[in-house]
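Values below: all heavy atoms of this structure, side chains included; hydrogens, waters and symmetry mates excluded.
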Number of protein chains: 2
Amino acid sequence: MTFVGKTNTNQLTDIERELIAFFVSAAQAFGLPKSYGEIYGLFFASETPLALDHVVEKLQISKGSASQGIRFLKSINALNPAYIAGDRRDHHIAENSLRLIADGFISQRIRPELKDGAERLKEIARQSKNTSSPIVHERIDTITSWINKAELLFPIVSKFLSTQEERVSPKRSLPIHHKDII
Amino acid sequence: MTFVGKTNTNQLTDIERELIAFFVSAAQAFGLPKSYGEIYGLFFASETPLALDHVVEKLQISKGSASQGIRFLKSINALNPAYIAGDRRDHHIAENSLRLIADGFISQRIRPELKDGAERLKEIARQSKNTSSPIVHERIDTITSWINKAELLFPIVSKFLSTQEERVSPKRSLPIHHKDII
DNA sequence: CAAGGAGTTCAAGAAAAAATGAACACGTGT
DNA sequence: ACACGTGTTCATTTTTTCTTGAACTCCTTG
């Protein structure tokens, strides 16, 4: 077996590997594919914008995975476009505002689910108008209130995450009172 | 092929099926096994406490699945014990306070993950003390601040979810109708 | 307008996660 | 002490999800 041309192009540094591992487990915690975590981790660790090729090369994953991962990450605003003069490839750079990413995730992934749920629920309520025991109505009301609460919660979360968006200097976190929000 | 004894024991009603379907998709949205959603849905729809047998029979899932699902749901306080005189089997009943379930989920599933992440991060920081470029430290600080924010956020979420459910003193009534909860 | 670069799609294969069910452990009642 | 009812465990099987890579589309450029 012989090595031809560039042997092991673009190895990851230890730190890159560690940061990537961090986001891989974060991704899995959110029920997202491992590769999405890898990709975000790579961008997060990178000082400069990267293109699809770089991702494929450094992470040694397929073009398909890289393409889908990048698309997803862009869809939730975890990656932003970066234009590089004289390069036809699309480059991207990691968003590092937790609030923007959380907002993107919520509005792209969670809200639609909730909406579906709410609709399905209405359908159930309609069906059970005539035939049902009191308990069914009670339960339907309960879920409805849960969905409403969730919808009210999102802006609060967003607001909270923006309160501390630090320019510099991680100020020791003041206890923030929920009353201050809303 | 002949039917012996009870033919199709304990069929689910339409409404039960619908409610269960709702929780199945909720479970999947949270990255939990479908069966957990089925089980919670069944309890949620039930007026009376149920035991493992009932779950196996009505949902037609294995004893193993039912056992693990019930255990998990109890671990996050989505199911509460209910004692039935003269019956050796453990019965359970669905918790229907969203706040209690959310708290359980956060403290059992999310907090530990975060803690791991924080530790791993410290390890990275230690390793990179000597060798690293400024950008690495900056990135580590960023993630640290994210973890801190998350920790601060949980109590706020909990507090928010409790604002509307307790019968006691609705200090701030938001436009939500709730005849539910406890 | 042909050739080649960049990115997407999607069927098929690989990997991971969940469900099953038989064996087991633990009580309880006789 | 034994038999039986109840629930747990975990190796195996099944199902689901993720990844791959070749084929394709769409640009861009010479």
Determine whether H91(B) and H54(B) make a side-chain contact, defined as any pair of heavy atoms from C-beta on separated by less than 4.5 Å. yes
How long is the line joining CG of D87(A) and P of dG7(C), in whole Å? 8 Å
Using ring-ring contact (aromatic ring centres under 6.0 Å, His included) as the criterion, list what pairs up with F30(B), not counting sequence neighbours. F105(B)
Nearest-nucleotide 5' precedence on DNA chain C, R88(A) against S67(A): R88(A)
Between dT20(D) atom P and Y36(A) atom OH, what is the distance in whole Å? 12 Å
Starting at the 5' end of DNA chain D, which residue's closest nucleotide do you reach first, Q68(B) or L52(B)? L52(B)
Closer than 3.5 angstrom, by distance alone: can the side chain of T144(B) be matched with the main-chain N or O of I140(B) as a donor-acceptor pair? yes
Taking NE2 from H54(A) and C1' from dA6(C), how many angstroms apart are they, rounded to a whole number? 13 Å
Take the protein atom NZ of K63(B) and the nucleotide atom C1' of dA25(C), then report the distance between them rounded to whole Å. 12 Å
Give the rounded distance in Å between these two atoms: CD1 of I70(A) and C1' of dC18(D). 17 Å
Please report the distance, rounded to the nearest Å, between CD in Q28(B) and P in dT16(D). 9 Å
Heavy-atom nearest nucleotide on DNA chain C taken for H92(A) and for S65(A); more 5' hit belongs to H92(A)
Have a look at I61(B) and say if it touches a base, only the backbone sugar-phosphate, or nothing, with a 4.0 Å heavy-atom cut-off. sugar-phosphate
It should be established whether S35(A) places a side-chain nitrogen or oxygen under 4.0 Å from OP1 or OP2 of nucleotide dT19(D). yes
Checking salt bridge (Lys or Arg N to Asp or Glu O under 4.0 Å) between D53(B) and each of K63(B), R89(B), R88(B), which is the one that passes? R89(B)
Could you state the atom-to-atom distance from CD of Q60(A) to P of dT20(D) in whole Å? 10 Å
Whole-Å distance, K74(B) NZ to dT8(D) C1', equals 11 Å
